[in-house]
Amino acid sequence: MWKWLHPYAKTENAYALCNTLLPWFWAGTCVFLSVGVVWGLVFAPQDYQQFESVRIIYIHVPSAILSMGAYVAMAVAALVGIVWQWRTAFMTMIAIAPVGAVVTFVALFTGAAWGKPMWGTWWIWDARLTSELILLFLYIGVIALYGVFDDKQQAGKAAGVMALVGVVNVPIIHYSVVWWNTLHQGASISKVDKPDVADPMLWPLLICLAGFAFFIAAVSTVRLKSEIVRREMHRPWVQKLVSNDGVSSDAI
Amino acid sequence: MQFDSFSEFLHMGGYAFYVWLAYGVTFVALVGIVTQSVLEHRNLLKSIVKEQARQERIKKSKTKSKQTLIDVSE
Amino acid sequence: MSSLYTGVFKRDLTLAFRQKAELLQPLMFLVLVVSLFPIGVGPAPEILQMIGPGVIWVAAILSSLLGMERLFRDDFNDGSLEQLMLSGLNLNLVVAVKITVHWLVSAVPLLLLSPLLSMFLHMTVDMYIALLMTLLLGTPLISMIGAIAVGLTVGVSRGGVLLALLLIPIFIPLLIFATSAVDSAALQLPYFSQLAIIAAMLLLAVAFSPFAIAYSLKVSQN
């Protein structure tokens with residue numbers, strides 16, 4: 001069943017696959033993000049409680065969902081790497097990590113910018129913001145651990161173990177934080193509920209979600225290509241690729 | 001269309017600062033990671049090209065010096 | 001065969017007691033951190049009682065991070081860890097023995113110190129009993145999860161700060177449930193469910209962490 005995947009354990013095939021997929025990822029990013037953002041900013045209705053500030057939802061919610069999604073993708077790559085000893089899987093894992101961290105940062109920042117008009121303060125220890133913050137720490141931990149090893153094969157394995165430990169913890173952290181948050185509900189700040197997402201808001205939201213997903217896939221693919229080239233620098237196929245292809249055409 | 005004029009769109013019903021701040025920082029962050037990734041890939045390839053050229057030069061100068069040695073001995 | 005594991009146990013215990021300074025320093029750190037809080041926030045008993053569980057737990061996590069490195073560092077540096085891995089002993093069991101010793105020499109003194117700490121922070125007897133229960137269930141969890149990260153960073157020079165960066169986010173659920181148990185005890189509410197959740201996390205760690213630690217040690221030995 002999984003046999004079709006096996007050739008991609010070889011870096012050369014994985015690199016070729018990256019090159020095939022990348023234009024589609026970029027196309028998806030451009031189409032979905034621009035349609036979703038324009039729809040969300042211009043055409044979607046305002047919320048009766050939050051007025052125009054609700055338009056932040058079209059970047060906050062997709063980035064929040066996909067920051068978790070990217071972490072899970074990273075952990076799946078780590079698991080594949082540890083179980084089947086695939087070097088490309090570890091490379092994929094470390095290619096996703098910085099992208100996931102940036103998306104997590106976006107979720108945090110947009111959450112804060114939404115919180116200021118709604119809650120009257122930039123930061124509130126709201127369940128979602130708190131677990132996003134912890135998620136950012138987990139991403140930074142994986143990236144930092146990868147960085148301290150000189151031997152990148154060893155680094156991939158070590159960071160992979162940490163990513164797996166983290167992914168077991170992500171649901172525990174999330175639910176414990178939600179539970180902690182309901183326990184310590186602050187009385188001084190009147191909390192406006194996140195709006196129930198109605199149909200005319202749902203479509204642009206879903207389109208933005210797809211756009212962010214394509215974005216993460218595209219940037220991770222570019223980073224994966226770099227990672228493969230860096231690790232396989234002295235292989236004949238890389239040498240050939242560079243001398244034939246030149247530099248400019250391969251970059252994006 | 002929810003807005004009557006462009007200035008009203010920019011104004012965002014009084015929430016302009018927060019909405020545009022959120023969208024602006026998101027844009028900067030996303031463009032930042034894309035540029036960093038693409039530049040990194042490009043520099044990596046460039047450095048490999050450079051390394052190849054260096055190896056080529058070393059090879060050439062070696063054969064050349066060998067030839068001159070032969071010339072001298074003749 | 002089992003005498004070999006008891007041999008490892010005795011050896012580790014002897015070694016730990018020979019390095020008394022390393023055992024005592026984290027405990028001194030714990031007492032110092034806890035005694036800083038009354039000085040920092042003022043000596044009012046009701047405030048201290050309110051922040052007490054959180055303070056003790058945060059200080060316990062930080063001080064255990066300080067002593068955590070000892071778990072494999074010396075054995076890694078003098079090569080005896082490699083010998084143990086080549087010896088044909090089951091590495092999972094060896095690791096379990098090592099964690100048990102580490103828990104005995106680092107967490108048990110912490111448990112013995114806990115009455116003093118709770119007295120410093122004006123905790124009631126009910127709160128103290130809850131604190132003791134959470135520490136009993138929580139410190140083995142800290143040792144086991146911490147050992148994974150120690151195993152990964154043991155070959156890295158200056159791994160100390162990295163260890164904190166890796167581990168603190170992972171200990172957050174433990175902190176939440178433990179402090180909430182003590183808070184419930186302060187309000188005379190039942191806190192069995194919080195203890196049950198910590199126990200569940202502990203069982204999960206018992207089941208999986210030896211494999212993760214053995215794997216991470218193999219990665220470090222390369």
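Chain A is the first sequence line, chain B the second, and so forth, proteins listed ahead of strands; every chain is numbered from 1. All of these numbers come straight from a predicted model, not from anything done at the bench. Because only heavy atoms are used, hydrogens play no part in the values below, and waters and symmetry mates are left out as well, while side chains stay in.
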Which residues, numbered in order, of residues 117-131 of chain C come under 4.5 angstrom of chain A by heavy-atom distance?
none

So if I take each residue of residues 80-90 of chain A and look for any heavy atom under 4.5 Å from a heavy atom in chain C, which residues do I end up with?
Ile82(A)

Quick one: CE on Met162(A) to CG on Leu166(C), what's the gap to the nearest 0.5 Å?
5.0 Å

Just verifying a value: how many Å separate Leu163(C) CG and Leu145(A) CG, rounded to the nearest 0.5 Å?
10.0 Å

Any Ile170(C) side-chain heavy atom under 4.5 Å of Leu138(A) side chain
yes

Working to the nearest 0.5 Å, report the span between CD of Gln194(C) and OG of Ser176(A).
12.0 Å

Can you tell which part of Tyr175(A) gets under 4.5 Å to a heavy atom of chain C, answering side chain, backbone, both or neither?
neither

Among residues 99-113 of chain A, which ones touch chain C with a heavy-atom distance under 4.5 Å?
none

Near Phe37(C) CZ, under 6.0 Å, is it more than 12 heavy atoms from other residues, nucleotides or ligands?
no

Given side-chain contact (heavy atoms from CB on, under 4.5 Å), test Ile168(C) with Phe137(A) step by step and report yes or no.
CA-CA 9 Å; Ile168(C) 288 176; Phe137(A) 292 151; over 6 Å; no

Looking only at heavy atoms, the pair that brings Ile173(A) and Pro169(C) closest together is CD1-O, 3.7 Å

One option among Leu162(C), Ile145(C), Thr153(C) has the most heavy-atom pairs under 4.5 Å with chain A, and it is Leu162(C)

With a cut-off of 6.0 Å (strictly less than), are more than 12 heavy atoms of other residues, nucleotides or ligands near CZ of Phe76(C)?
yes

Contacting region of Thr179(C) [heavy-atom separation from chain A under 4.5 Å]
neither

Would you compute the distance between atom CD1 of Ile172(C) and atom CG of Asn169(A) and round it to the nearest 0.5 angstrom?
9.5 Å

Structural part of Val168(A) lying under 4.5 Å from a heavy atom of chain C
side chain

Measure Leu174(C) against the heavy atoms of chain A and call it side chain, backbone, both or neither at under 4.5 Å.
neither

Which members of residues 151-161 of chain A, sorted by number, sit under 4.5 angstrom from chain C on a heavy-atom basis?
Asp151(A), Gln154(A), Lys157(A), Ala158(A), Val161(A)

Greater than 12 external heavy atoms within 6.0 Å of Asp78(C)'s CG
yes

Tell me, side chain or backbone of Val219(C) under 4.5 Å from chain A's heavy atoms, or both, or neither?
both

